[in-house]
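Below, chains carry the letters A, B, ... as their sequence lines are ordered, and counting in each starts from 1.
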Amino acid sequence: MTLLRGENLCKTYPNGTQALSQINFSVEEGEFLVVIGLSGSGKSTLLRCINQLHPINSGAIHFEQQRLDQLHGRALRQQRSRIGMIFQQFNLIPRKSVLTNVLAGALASTPIWKSLLGLYSKKQQQQALAYLRIVGLEHKAYVRADNLSGGQQQRVAIARALMQNPKILLADEPVASLDPSTSHSVMKYLQKINRELGVTVICNLHFLSLVRTYASRVLALKDGKIVYQGAPEDIDEQWFKTIYGEEAVEVSIN
Amino acid sequence: MDNTMSTEQQLAQTMPVKRYQASIKAWCIDVLLWSYSFLVLYKLGYQSWWLDLRHIDFSWSEPLYSLLLGGLIASVLSYTKASVGKACYGLIAFEEGRSLFRAASVRLGLLFLLLTFIAGLQVSQVSMREFFSDSGLAGAQRIFTALLNPNFAILEEALFAAVETVYMAFIATALAIPVAFVLAFFAARNLMKHSALSFAIYAVLRFLMNLTRSIEPLVWAIIFSVWVGIGPFSGMLALFLHSVASLTKLYSEQIEAIQDGPVEAMTATGAHPIQIIWYGVVPQIVLPYLSYTIYRWDINVRMATVIGLVGGGGIGTMLMQYQGLARWNDVGMLVIVIAAIVWLMDYASAKIRAHLK
C-alpha cells in the first residue's frame, strides 16, 4: 500500500537556489527507503518538504488520504505528529534530561498548559521509558541529554520520534556526525524499528556500503532531480559515477 | 547552464549601478565634511578668534552658505583622489607598498579630525589657567579635606537611605523581568520574520524600545516625579521603564543567537508554537537571561544613586540635599557609603555571573 506520494515537487529557496525540480516518488508501507546524493543535491530539502518544515512551491504531497502541502495550523500539526524525524545534529533540547527529551515527542498529544508545567501522564512516562529501553538507554533516563555521546544522543532522538507513534520516520543523515562503529549501531536501531515496529523509514545517507546493508530501495538525487530509483544491489560502477560524478571513488565503511 | 548565464548577466548589469550609488554616497560624505569644516572655520576661526566676539549668534544663512561652498568643493574633488568619501567606499585604489599617510584622502581625513579636536578644546572651554588658579586650588583643598573627614554621625541615616536605594533598584528589576521576558519574543527577528504582520510588530516594538532606551533614566525620573510625586516611587518607575527596554533588547538578542536545531525538531513533532518556544527556545536562553538580569540589577543600583539627585529618593536625594547646604563632611560620608554599595553589588554580581557561565 502506498503510504506517501510526491508529485512534481518543486522547491526554490528565497535566495534563488532551486533545490528540487519535478520530483516524483512514492513510498510503500514498511519500506526502508534510502535517499543518496552529493551534498547540496536536495536530499535534506526533500525530507523537510515532506513534513512541511519547508513549504513546497508547487506539486503535491499525499500522505495516506491527506494533501500535506494544503494543511495549515492544527491539521498540519496533527499530521506532523505522525511523521517522526531525526537529524544529523540530533537536535536534542540542551540542559534537559533524556526522559524530558523523549517526552517532548508527545507534545502534539498533550494539552499546552500541561506540557508547559511538565505534567505528563503516568502512561506517557511509562511509554517514554519503554522506548528508551528499545534504544538501550533506559539507565540514562535522568541524565542530562547534552552529557551523552553522539551515538547515544541520536538514539535518544530515535526514542523521541517513536514517542510520536509515527507511521513514517524521516532520518536526515542520521550518522553523518558519528564514527563508523557508532554509525552501524544507530543504523541497526533504525532497522529494528523498521522491521519490528513496522515504521516506514526514509533515510538520507552518504555511504554506499551502509546503503547496501540497510536499504530496501534506493532513490538517488542529483542537482534536485531524481537520477536513479531501484534496488540497492543494482547500483553498479556506472550508476555510481552518474550519481557522484566521474571523479568519485567508492569508499566503504565497516 | 541557463541559470549561471543569467546570474552573470545580472551581475554585469548591477555592478555599474552599485558603483554609481557608492559615488553618490561618497559625494554626500564629502559635502558634509567640507561644509562642516567651513562652518567650524567661520565660527571659530573668524568670529571667535579674529573678531574675538564674546557672544556668538547663530543664523541659518551660515550653514546654508557652508553647504553650498562644501558642495562646490566636493564636486570638484570628486574627480580627483582627494576624497574621503570615495576612500570610505573603496572607490580609490591605494597603491601597495606606499604609506597610507601619503594618500591625499587619508591626509584630508586627518585634517578634518584635527579641526574637530581644536574646535572641541575651544567649545569645552578647556583652560589650564583656571585649573591651576589660586582660588581654584583653595576650593579643591577645602572640598577634599571635608570629603576625607566624613561625618560619621549621619552613618545610620545614610545606611537607611542606601537600603531604600537597593530595594528600589531590586523592585525595578524584578518588575521588569516578566515584562521584558514576554516582549523579547516579539522583538526577536528569527521568530518574527515569517509573516508581514509579525514583522511589523517586531519593527514597532524595536523602535519603541530603542526610543525608551535612548532617553536617560534621569530624564524619566524627572517625568515620573511630576507624575507620581518626588520620592522612591518615581525613581523606581524610571528604572523599571529603562530596564524593560534594555532587558528586552538583551533577551531578544539572546533569542536570535539560539541554535535552530531544537526548534526545528520541536516543529517536526507537531508541537504548538507555544510549546516550540517553551521546549525549543527557553532552555537555550535561561542561563544568559539570569546573567543579564543580575547585571541589570547591579546597573540599577548604580543608576538609583544618581536618580536620587533629581528627587528619585534614596541616598541620591540625601546627597543632593547636603550638597545644597554645602555640608561637605556629610557629603563625604554619603560618597563613601555609595562607593561601598556599588563596589559590593559589582563584586557580588560578577561572582554570581562567573558561576552561571
*Go through A/Thr45 and A/Tyr13 one step at a time and tell me if the side chain to side chain donor-acceptor pair (under 3.5 Å) criterion holds.*
CA-CA 10 Å; A/Thr45 306; A/Tyr13 284 108; 2.9 Å; yes
When you check the gap from the basic side-chain N to the acidic O, do [X] and [Y] get nearer than 4.0 Å?
{"X": "A/Lys96", "Y": "A/Asp146", "value": "no"}
{"X": "B/Arg206", "Y": "B/Glu256", "value": "yes"}
{"X": "B/Lys86", "Y": "B/Asp30", "value": "no"}

_Out of B/Pro273, B/Gly280, B/Gly261, return the one with the most heavy atom pairs under 4.5 angstrom to chain A._
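Highest number of heavy-atom pairs under 4.5 Å: B/Gly261.
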Is it the side chain or the backbone of [X] that comes within 4.5 Å of chain B heavy atoms, both, or neither?
{"X": "A/Ile112", "value": "both"}
{"X": "A/Pro14", "value": "neither"}
{"X": "A/Leu53", "value": "side chain"}
{"X": "A/Gln164", "value": "side chain"}
{"X": "A/Arg74", "value": "neither"}
{"X": "A/Arg82", "value": "neither"}

Pick whichever of [options] has the most heavy-atom pairs under 4.5 Å with chain B.
{"options": "A/Gly105, A/Ala104, A/Gly84", "answer": "A/Ala104"}
{"options": "A/Ala108, A/Ser81, A/Ser115", "answer": "A/Ser115"}
{"options": "A/Arg95, A/Arg160, A/Met85, A/Gln88", "answer": "A/Arg95"}
{"options": "A/Thr110, A/Ile93, A/Ile86", "answer": "A/Ile93"}

*asked:* Could you tell me if B/Tyr292 and B/Ser246 have a donor-acceptor pair between their side chains, going purely by distance under 3.5 Å?
replied: no
_Candidate pair B/Asn300 and B/Ser243, rule side chain to side chain donor-acceptor pair (under 3.5 Å), full reasoning_ = CA-CA 8 Å; B/Asn300 276 349; B/Ser243 298; 2.9 Å; yes
*So B/Arg213 and B/Asn210, side chain to side chain donor-acceptor pair (under 3.5 Å) or not? Walk me through it.*
CA-CA 5 Å; B/Arg213 233 160 9 92; B/Asn210 283 339; 2.4 Å; yes
_Beyond-backbone contact of B/Ser23 with B/Ser78, side-chain heavy atoms, under 4.5 angstrom_ =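 No, every pair of side-chain atoms sits at 4.5 Å or beyond.
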